[in-house]
Amino acid sequence: MSTIPDTPVGRRLQHVKHIIIVCSGKGGVGKSSVSTQLALCLYGSSPNTRVGILDVDLTGPSIPRMLGLDGHPVHQSSDGWVPVYADGSGARLACMSVGFLLKKKEDSVVWRGPKKNAMIRQFLSDVRWGDLDYLVIDTPPGTSDEHLSLIEHMTPVHSRVSAVVVTTPQAVALLDAMKCLSFTRAVSLPVLGLIENMSGYACPCCGEISNVFSTGGGEEMARREGIQFLGSLPVDTELVTLLDAAELPPLNNAGDDHVPSDATFTLWQRYQKTPTLPLFTKMAQEIIRKLGQREAATTTQRAT
């Protein structure tokens, strides 16, 4: 692993191998659900993989609810803030969000740019992330203060940072996704690929996919812009129900003498039963492959 400059953020993130920023040009494209699924699929990629998910959508934090963590407090330790672990005692899926810091979850966050900048810096420098294979960062729509603050504060670990762009098939969303791509190029942020979300509707009865919006726009844009098209995701009602649930009742594993170690992580167990899982698993595997190639290229370049 490359040498990290001695800064507060550099010291805190020195043991994070890969940082993935999930971004979109506009709101309403399902970016937070993509971030959540990416974190879950990375978590499930091997029994020892450690993942963090950081929610920097400061005015609309939704990751705690999607992970079933609403109402969980953040504890302060002598070494900084302790993230909330979605998998409980397994401690392989860490989460941090401003949503954990609000007195009431319906409270608004009315902050100007400097306050947002300070909060993001604190998330990066004061949270006790520990050793992570992947840190997924869910960002707000557009290319605003939060994105600029992230890139600025993560300068010490810039070689480990990359992006995934999320869009929907409509022309308006694709136009805004182009602005997001323009931003990544302006700040020299490598793009791992593009995901077209809400690409059709999967019937819960027969599984047939109906194209409610136009289709194929994301793939065509990726081809035109020379980036990887990671795939399309239809609207999955089972997934929507799962991620909308504030709390998940535990699964009944009575009578099973060979329960895996992550069996108490109810969200992961139920996500594995959704039609979306096989589709997103392929995307996550491609992201892992590309990150591996990038890491190998960086190592080779340093050696020469």
Side-chain angles (χ1 to χ4, degrees), residues 1 4 6-22 32 35-36 38-40 42-105 107 109 111 115-139 146 149-150 153-154 156-157 160-161 243 245-248 250 261-268:
M1 198 173 284
I4 302 297
D6 188 24
T7 66
V9 173
R11 288 192 296 271
R12 186 63 75 178
L13 298 182
Q14 65 179 325
H15 299 299
V16 177
K17 294 180 182 178
H18 305 288
I19 301 170
I20 306 169
I21 297 176
V22 181
S32 293
S35 298
T36 301
L38 178 56
L40 287 171
L42 293 172
Y43 166 90
S45 63
S46 85
N48 300 314
T49 300
R50 296 176 59 87
V51 182
I53 181 165
L54 173 59
D55 185 0
V56 297
D57 192 347
L58 301 179
T59 58
S62 52
I63 295 298
R65 185 177 183 91
M66 290 187 175
L67 289 176
L69 299 175
D70 261 352
H72 284 247
V74 171
H75 299 288
Q76 183 80 31
S77 73
S78 58
D79 191 33
W81 285 346
V82 180
V84 179
Y85 289 96
D87 59 332
S89 60
R92 290 202 298 116
L93 180 51
C95 177
M96 180 55 70
S97 169
V98 73
F100 295 135
L101 308 178
L102 301 177
K103 292 181 179 179
K104 294 187 294 184
K105 61 183 179 183
D107 285 350
V109 176
W111 292 346
K115 186 75 177 287
K116 291 180 179 180
N117 181 60
M119 185 80 265
I120 290 173
R121 182 176 64 247
Q122 194 166 7
F123 277 155
L124 294 172
S125 62
D126 289 1
V127 175
R128 198 180 69 186
W129 293 109
D131 293 334
L132 291 180
D133 295 288
Y134 307 97
L135 176 61
V136 178
I137 302 181
D138 184 46
T139 63
E146 290 89 337
S149 294
L150 272 175
H153 294 312
M154 291 196 298
V157 291
R160 304 179 188 181
V161 183
L243 297 185
E247 284 190 32
L248 297 166
S261 60
D262 61 357
T264 55
F265 186 10
T266 308
L267 177 64
W268 170 238

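All values below were derived from every heavy atom in this structure, side-chain atoms included, with hydrogens, water molecules and symmetry-related copies excluded.
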Worksheet item: Within the distance-only criterion (no hydrogens, no angle test), does the side chain of Arg121 pair as donor or acceptor with the backbone N or O of His153 below 3.5 angstrom?
Response: no

Worksheet item: Do Arg92 side-chain atoms and Gly44 backbone N/O form a donor-acceptor pair below 3.5 Å?
Response: no

Check whether any side-chain heavy atom of [X] lies under 4.5 Å from a side-chain heavy atom of [Y], and answer yes or no.
{"X": "Val16", "Y": "Met154", "result": "no"}
{"X": "Arg160", "Y": "Leu13", "result": "no"}
{"X": "Pro61", "Y": "Phe100", "result": "no"}

Straight-line distance of [X] [atom1] to [Y] [atom2], nearest 0.5 Å:
{"X": "Met119", "Y": "Leu124", "atom1": "CE", "atom2": "CG", "result": "10.0 Å"}
{"X": "Glu146", "Y": "Thr59", "atom1": "CD", "atom2": "OG1", "result": "6.5 Å"}
{"X": "Met66", "Y": "Ile53", "atom1": "CE", "atom2": "CD1", "result": "9.5 Å"}
{"X": "Leu135", "Y": "Ile21", "atom1": "CG", "atom2": "CD1", "result": "9.0 Å"}
{"X": "Asp57", "Y": "Thr139", "atom1": "CG", "atom2": "OG1", "result": "7.5 Å"}
{"X": "Ile20", "Y": "Leu54", "atom1": "CD1", "atom2": "CG", "result": "13.0 Å"}

Worksheet item: For Leu67 and Val84, what are the C-alpha separation, side-chain angles and deciding distance, and is it a side-chain contact (heavy atoms from CB on, under 4.5 Å)?
Response: CA-CA 10 Å; Leu67 289 176; Val84 179; over 6 Å; no

Worksheet item: Can you list the steps and then say if Asp87 with Arg50 is a salt bridge (charged side-chain N to carboxylate O under 4.0 Å, His left out)?
Response: CA-CA 11 Å; Asp87 59 332; Arg50 296 176 59 87; over 6 Å; no

To check you understand the geometry: which heavy-atom pair defines the closest contact between [X] and [Y], and what is its length?
{"X": "Thr7", "Y": "Pro156", "value": "OG1-CG, 3.3 Å"}
{"X": "Asp79", "Y": "Arg12", "value": "O-NH2, 2.8 Å"}
{"X": "Tyr85", "Y": "Ala94", "value": "CE2-CB, 3.6 Å"}
{"X": "Leu42", "Y": "Thr49", "value": "O-CG2, 3.3 Å"}
{"X": "Leu69", "Y": "Cys95", "value": "CD1-CB, 4.1 Å"}
{"X": "Ser149", "Y": "Ile120", "value": "CB-CD1, 4.0 Å"}

Practice prompt. Quick one: sort the Trp268 and Tyr43 rings into parallel, tilted or perpendicular, breaks at 30° and 60°.
Written response: perpendicular

Practice prompt. Go through the steps for Phe265 and Leu93 under the test side-chain contact (heavy atoms from CB on, under 4.5 Å), then give the verdict.
Written response: CA-CA 10 Å; Phe265 186 10; Leu93 180 51; 3.7 Å; yes

Fill in: Test side-chain contact (heavy atoms from CB on, under 4.5 Å) applied to Trp81 and Arg128, step by step
CA-CA 6 Å; Trp81 285 346; Arg128 198 180 69 186; over 6 Å; no

Practice prompt. Start with the C-alpha gap between Asp138 and Thr36, add the side-chain angles, then the distance that decides, and say whether side-chain contact (heavy atoms from CB on, under 4.5 Å) holds.
Written response: CA-CA 8 Å; Asp138 184 46; Thr36 301; over 6 Å; no

Practice prompt. Under the salt bridge (charged side-chain N to carboxylate O under 4.0 Å, His left out) rule, collect the residues that match up with Asp55, sequence neighbours excluded.
Written response: none

Response to the item:
Sequence neighbours excluded, the answer for salt bridge (charged side-chain N to carboxylate O under 4.0 Å, His left out) partners of Asp133 is Lys17

